Amino acid sequence: MQPAADATVFIVDDDAGVREALAWLLRSRRLLSAAYASAEEFDAMLATGFRPSQACCLLLDVRMPGMSGLALFERLAERNLVQAMPVIFLTGHADVPTAVDMVKRGAFDFCEKPFSDNALVDRIEEALRKSGEVLAAQRAKGELQTRLADLTERERDVMELVAKGLPNKLIADQLAISVRTVEVHRARVFDKMEVKSAVELANLLRTL
């Protein structure tokens, strides 16, 4: 499956020649890109409150004047962006052990310079697919929390017992309400949570 047409590859490298070559490579594969000449410049963009809404990934040079790629990776981790914006380190031979350590800490991959164009694009496309999956899961979780917020306190009480598999009679006894009232609340919970069974409800709640 190809990445979404509006997926973006961010490039952070202090070498203008590398930035231009990567941007050309990505254009040739019909991938959008946005280049930054320093980690500080990209970090300033993040500081504006940027949160990815479309699939994206980051090609990040390890060694740069000022803030290093490693320091920028730590900033991404602090902002909890590493999953939604997978990081592929671009590194020279001397930096390979460091890049491997970053992969162990959550970076998506590293590519040693000079890299194979095809191999790099393959990893970029995999990173974009992963980003898309993470963002879709985050959106689904947000929608679920919105549905939960729409429940009344009593509907939440009923929902928790329904999700545990209790029949209406036991729920009524535990909450000291009538079976008919439980039935009404159960129907409203199913409607608001957009499920058709207690099993489906329980499975949905496990995704939180």
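Only heavy atoms go into these numbers, but all of them, side chains included; no hydrogens, no water, no symmetry mates. Here the structure is a predicted model, which means the values were calculated and not measured.
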In this structure, which one of Val195, Val189, Leu201 forms a side chain to side chain contact (heavy atoms under 4.5 Å, CB included) with Val162?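 One option only clears the test, and that one is Leu201.
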What distance do [X] atom [atom1] and [Y] atom [atom2] have between them, rounded to the nearest 0.5 Å?
{"X": "Lys169", "Y": "Asp173", "atom1": "NZ", "atom2": "CG", "answer": "3.5 Å"}
{"X": "Glu194", "Y": "Glu143", "atom1": "CD", "atom2": "CD", "answer": "8.5 Å"}
{"X": "Glu20", "Y": "Leu25", "atom1": "CD", "atom2": "CG", "answer": "13.5 Å"}
{"X": "Leu60", "Y": "Ile88", "atom1": "CG", "atom2": "CD1", "answer": "10.5 Å"}
{"X": "Lys164", "Y": "Leu170", "atom1": "NZ", "atom2": "CG", "answer": "12.0 Å"}
{"X": "Glu41", "Y": "Asp14", "atom1": "CD", "atom2": "CG", "answer": "11.5 Å"}

Results of side-chain hydrogen bond (donor to acceptor under 3.5 Å, both in side chains) for Asp101 - residues two or more places apart only: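 side-chain hydrogen bond (donor to acceptor under 3.5 Å, both in side chains) check on Asp101 returns nothing, list empty.
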Would you please name every residue forming a side-chain hydrogen bond (donor to acceptor under 3.5 Å, both in side chains) with Glu74, sequence neighbours left out?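 Checked Glu74 against side-chain hydrogen bond (donor to acceptor under 3.5 Å, both in side chains); matches are Arg105.
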Identify whether [X] and [Y] are in the same connected component of the hydrophobic contact network (ILVMFWY, side-chain heavy atoms under 4.5 Å).
{"X": "Met45", "Y": "Leu81", "result": "yes"}
{"X": "Val103", "Y": "Leu128", "result": "no"}
{"X": "Val134", "Y": "Leu59", "result": "no"}
{"X": "Leu58", "Y": "Leu70", "result": "yes"}
{"X": "Val100", "Y": "Leu120", "result": "no"}

Do you know the tightest heavy-atom contact between [X] and [Y]?
{"X": "Ser68", "Y": "Ala39", "result": "O-CB, 4.1 Å"}
{"X": "Met193", "Y": "Leu204", "result": "O-CD2, 3.7 Å"}
{"X": "Leu26", "Y": "Ser33", "result": "CD1-CB, 3.6 Å"}
{"X": "Ala163", "Y": "Ala202", "result": "O-CB, 3.6 Å"}
{"X": "Met64", "Y": "Gly69", "result": "CE-N, 3.7 Å"}
{"X": "Ser131", "Y": "Ala55", "result": "OG-CA, 3.4 Å"}

Could you name each residue pair satisfying ring pair (Phe, Tyr, Trp, His ring centres under 6.0 Å) that touches [range], not counting sequence neighbours?
{"range": "residues 186-208", "result": "none"}
{"range": "residues 98-157", "result": "none"}
{"range": "residues 123-147", "result": "none"}
{"range": "residues 10-43", "result": "Phe10-Phe42, Phe10-Phe50, Tyr36-Phe42"}

Quick check against the 3.5 Å criterion: does [X] have a side-chain atom that pairs as donor or acceptor with the backbone of [Y]?
{"X": "Thr91", "Y": "Ala99", "value": "no"}
{"X": "Thr146", "Y": "Gly142", "value": "yes"}
{"X": "Glu155", "Y": "Leu151", "value": "no"}
{"X": "Asp95", "Y": "Thr98", "value": "no"}
{"X": "Arg147", "Y": "Lys192", "value": "no"}
{"X": "Glu40", "Y": "Met67", "value": "yes"}
{"X": "Arg156", "Y": "Leu148", "value": "yes"}
{"X": "Glu133", "Y": "Lys130", "value": "no"}

One pair to check against side-chain contact (heavy atoms from CB on, under 4.5 Å): Asp43 and Leu72. What are the steps and the verdict? CA-CA 7 Å; Asp43 188 51; Leu72 179 58; 4.1 Å; yes
Do [X] and [Y] have side chains that approach each other closer than 4.5 Å (heavy atoms only, starting at C-beta)?
{"X": "Gln54", "Y": "Leu32", "result": "no"}
{"X": "Lys141", "Y": "Gln138", "result": "no"}
{"X": "Ile11", "Y": "Val18", "result": "no"}
{"X": "Val158", "Y": "Leu175", "result": "yes"}
{"X": "Ile124", "Y": "Leu31", "result": "yes"}
{"X": "Val87", "Y": "Leu76", "result": "yes"}

More than 12 heavy atoms of other residues, nucleotides or ligands under 6.0 Å from NZ of Lys113: yes or no?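 It does: Lys113 NZ has more than 12 such atoms within range.
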Is the closest basic N to carboxylate O distance between [X] and [Y] below 4.0 Å?
{"X": "Glu183", "Y": "Arg180", "answer": "yes"}
{"X": "Asp109", "Y": "Arg123", "answer": "yes"}
{"X": "Asp157", "Y": "Arg154", "answer": "yes"}

With no hydrogens and no angle check, do the side chains of Asn118 and Arg29 hold a donor and an acceptor under 3.5 Å apart?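 Present: a donor and an acceptor within the cut-off.
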